[in-house]
Amino acid sequence: GGEVDVRGSYCALSAAFLTGTLTPQLKEGCADFIARCQTYEGGMGGEPGCEAHGGYTFCAYAALVLLGETHRVDRKRLMRWCAGSQMTLEGGFQGRGDK
């Protein structure tokens, strides 16, 4: 009964990275799972098949950076989604499209 989304993956990988305990066994399958979370729009959902969301996108991509596996996702689509999520006036980011 623990977390099954990219937030949990990011937290576990971050803690392991910071404490020097990021082993090949811990990394096994993580990049594959995270890459499957990329949506047709380019953002990242919490788990495969879910809607893209800003928070999940951060956690997913940051986890891939820690793993050295950013090539597993379509970075061009990801950057386009991120740029499209930035608000014109405020400069901040929408969590989800049109929200």
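Nothing fancy with the numbering, it's 1 onward along the sequence. For the numbers below, each heavy atom of this structure counts, side chains included, while hydrogens, waters and symmetry mates do not. Bear in mind that the values here come from a model prediction, so they are computed numbers and not experimental data.
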* Asked: side chain to side chain contact (heavy atoms under 4.5 Å, CB included) with C37: which residues, sequence neighbours excluded?
  -> V6, F33, M44, P48
* Which pair of non-hydrogen atoms, one from L66 and one from S14, has the smallest distance, and what is that distance? -> CD1-OG, 3.6 Å
* What residues, two or more places apart in sequence or in another chain, satisfy side chain to side chain donor-acceptor pair (under 3.5 Å) together with R75? -> T70
In residues 23-30, what donor-acceptor pairs under 3.5 Å come from side-chain atoms, sequence neighbours left out?
residue, atom, partner, partner atom, Å
T23, OG1, L26, N, 3.1

* Structure fact -> Separation between CZ (R36) and CD (E47), nearest 0.5 Å, reads 10.5 Å
* **Nearest heavy-atom neighbours spanning I34 and A63** => CD1-CB, 3.6 Å
* Which side chain to side chain donor-acceptor pair (under 3.5 Å) pairs, counting each pair once, include a residue from residues 54-69, with sequence neighbours left out? -> E69-H71, E69-R72
* Asked: With the 4.5 Å side-chain cut-off for hydrophobic clustering, are W81 and F58 part of the same group?
  -> no
* According to a 4.5 Å side-chain heavy-atom criterion applied to Ile, Leu, Val, Met, Phe, Trp and Tyr, with indirect links allowed, do Y10 and V4 form part of one hydrophobic cluster? -> no
* Structure fact -> With sequence neighbours left out, the residues meeting side chain to side chain contact (heavy atoms under 4.5 Å, CB included) with T21 are A16, T19
* To do: Report the residues that fulfil salt bridge (Lys or Arg N to Asp or Glu O under 4.0 Å) with R77, sequence neighbours left out, ordered by chain and then residue number.
  => D74
* **Contact summary for D5 and G46, nearest pair of heavy atoms** => CB-O, 2.9 Å
